[in-house]
Every structure is written in C-alpha cells, then in structure tokens.
**Q** 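The structure follows.
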Amino acid sequence: MSAPPDTLSRLAATIAARRGADPASSYTAKLLAKGPEEAAQKFGEEAVEAVIEATKGDPAALTAEAADVLYHLLVMLTAREVTWQGVLDELERREGLSGQTEKAARTQAPVHARVESAAERAACMALRARVFVEEQGVDAALEFDGLDDTCRHYRSTLGQEIVATARVRWLDGAAKIQRVAVAKAVRGRGVGAALMRHILADVGDSASEAVLDSQVGAIGFYERLGFSAEGPEFLDAGIPHRRMRRPL
C-alpha cells in the first residue's frame, strides 16, 4: 500500500517540532542541537550511501537509503530554517519548464521579439491556455476570442522555450496590450516587465499611447511601467479589472 501523499509534509512538521527540544528527548532533537553544519554533513553521508546502493543494484537497500536521505534532507532544511512547504512552492513555480530552461532562467536574460512563425504562435497560445484557462479559470472561449489574427503577437524566449507572451491591437490610434502571460517558473524575475518594455518601444512609432485592462491585483506592476489607472473597476471574464493608459 502506497504512503499518503502528505507523508513528507507530516514528517517535516514533526522534525520542525523537535527544534529546540531537549537533545536527549529524540534523535532528531539531538541532530538539530548540533547545528546546521552537522546536519549538512549527515545528509551528505546518507546521500553517498544511497549512491553506493544504487550502483549495487539492490532495490530494497536503495529504498531504505532513499528514506534516510529524505529524512536527513528535512533535518538539514529545518536546521537552516528552510521549510518543506517552501521547497514544494519552488517546485510548483518551476513546473511547466524544462530543466535546461529553468536553469537558463537563473543566469540568462530572455530574448524578446515579435512572433514570426506558426510554431511560435502555437506556443504562445499554449502558454496563455496554461496561465489564463488552467490557472485562473477563464473560459477558453473568452480567452481565444477570434481576434488573434488581427493582433501583433510578442514572445519572450529562454533557450528554445517561450516563457512570456502578449498581443497588441490597434484601436483609435492607441496600442492596446492584451493577454500578457508569464510562465509560473519565471515569475518574479522581471521577465514580464522586460517584455512590456520591449513592446512599448516597438509600438512607439505607430501609436500615440498604450492602453490595457489590468487585473486589479496587477495594477502596481503596470504603474511601475508608467501606466496610470482610470475609471471604476469592471469585470472581465469574472475578474476585476481597471483601464490603464500610458503616453508613448
């Protein structure tokens, strides 16, 4: 019978509860009392033992060593006041990107450009589906409104992977920026802001101002890019928005 999916979370909570306890009360409390360096050394020893068992090809022994590795990993994290939930959140943030692209996100700047090919367009649509339809619950019929063929599309690429996208429609001399989507794995790293700056520079010769309808929670993000909110809140796809403008 398989273990419940929250086994590690329960174990992490138990280990955290041992922090500061009498070292004589449990093995975990004793490990934690020795400090982060000792916890890290013990984790390293257990990891080496797991590697040795992996080379021997004994599944039962490797299973036991893997359990020891996970336990000592949690002890090491607790010793450095890193939570298991924080690790899970980081894994969730990386979800949807290849390992190579996620690694590139730490050291490389994304490339921003107009979408030029059908393959790039399809990748942008897929990203929008993940962000708006799957994450935010927007009706797919509203997200893909039949206007994409009338718009100019933009993308941000890390390696071979598109990690951000947006589209622009021209309305009465204004460039209306829409469908700004950033992959979860690179949020908080300035990718969306860099894409927006690229778009604003690219449309500056063909529009007098940029407008957009911002989700209320993202107003601060657009204000930092020079946009100003106007008018009352309104619902778009069931989500509160406000109109914002920026002269070009």
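Reckoned from all heavy atoms, side chains included, excluding hydrogens, waters and symmetry mates. Computed from a predicted model, the values in this text were never measured in an experiment.
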**Q** Flag the pair S9 / L88 as yes when at least one side-chain heavy-atom distance between them is below 4.5 Å, and no otherwise.
**A** yes

**Q** Can you tell me if E38 uses its side chain to pair, donor with acceptor, with the backbone of K34 under 3.5 Å?
**A**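 Checked: no pair found.
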
**Q** For residues Y71 and T28, is any side-chain donor paired with an opposing acceptor at under 3.5 Å?
**A**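 A pair is found: one side chain offers a donor N or O, the other an acceptor, under 3.5 Å apart.
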
**Q** Taking the side chain as everything from C-beta on, heavy atoms only, tell me whether F234 gets closer than 4.5 Å to P240.
**A**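 No, every pair of side-chain atoms sits at 4.5 Å or beyond.
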
**Q** So, taking the atom named CD in E46 and the one named CG in D68, what distance separates them when rounded to the nearest 0.5 Å?
**A** 4.5 Å

**Q** Can you tell if the side chain of R245 reaches within under 4.5 Å of the side chain of S228, non-hydrogen atoms only?
**A**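 Result no, sub-4.5 Å side-chain heavy-atom pair not found.
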
**Q** Would the distance check show the side chain of R19 and the main-chain N or O of T78 forming a donor-acceptor pair, the cut-off being under 3.5 Å?
**A**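 Between the backbone of T78 and the side chain of R19 there is a qualifying donor-acceptor contact (under 3.5 Å).
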
**Q** Taking side chain to side chain donor-acceptor pair (under 3.5 Å) as the definition, give me every residue that meets it alongside Y154, ordered by chain and number, with sequence neighbours left out.
**A**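 Expected list: R152, D202.
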
**Q** Donor-acceptor check, side chain of S25 to backbone of A21, threshold 3.5 angstrom: yes or no?
**A** no

**Q** Counting C-beta onward and ignoring hydrogens, is there a side-chain heavy-atom pair between R246 and L212 closer than 4.5 Å?
**A** no

**Q** Does R80 pair with E37 as a salt bridge, N-O distance under 4.0 Å?
**A** yes

**Q** Taking Q160's backbone N and O only, do any of them form a donor-acceptor pair with T157's side chain (distance below 3.5 Å, no angle check)?
**A** no

**Q** Are L235 and H241 close enough that some pair of their side-chain heavy atoms sits under 4.5 Å apart?
**A**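 Counting from C-beta outward, L235 and H241 never come under 4.5 Å.
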
**Q** When rounded to the nearest 0.5 angstrom, what distance separates CE in M244 from OG in S214?
**A**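 Reported to 0.5 Å precision, the distance equals 5.5 Å.
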
**Q** Just jot down the salt bridge (charged side-chain N to carboxylate O under 4.0 Å, His left out) partners of R18, sequence neighbours excluded, or say none.
**A** none

**Q** Would you mind checking if R128 and E143 are paired as a salt bridge, meaning a charged N to carboxylate O distance below 4.0 Å?
**A**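 Looking at E143 and R128, the cut-off is met.
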
**Q** Are I177 and R169 packed together at the side-chain level, in the sense that at least one heavy-atom pair is separated by less than 4.5 angstrom?
**A** no

**Q** Before accepting this row, confirm whether a basic side-chain N of the pair R242/E230 lies closer than 4.0 Å to the acidic partner's carboxylate O.
**A**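 Salt bridge between R242 and E230, a charged N being under 4.0 Å from a carboxylate O: no.
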
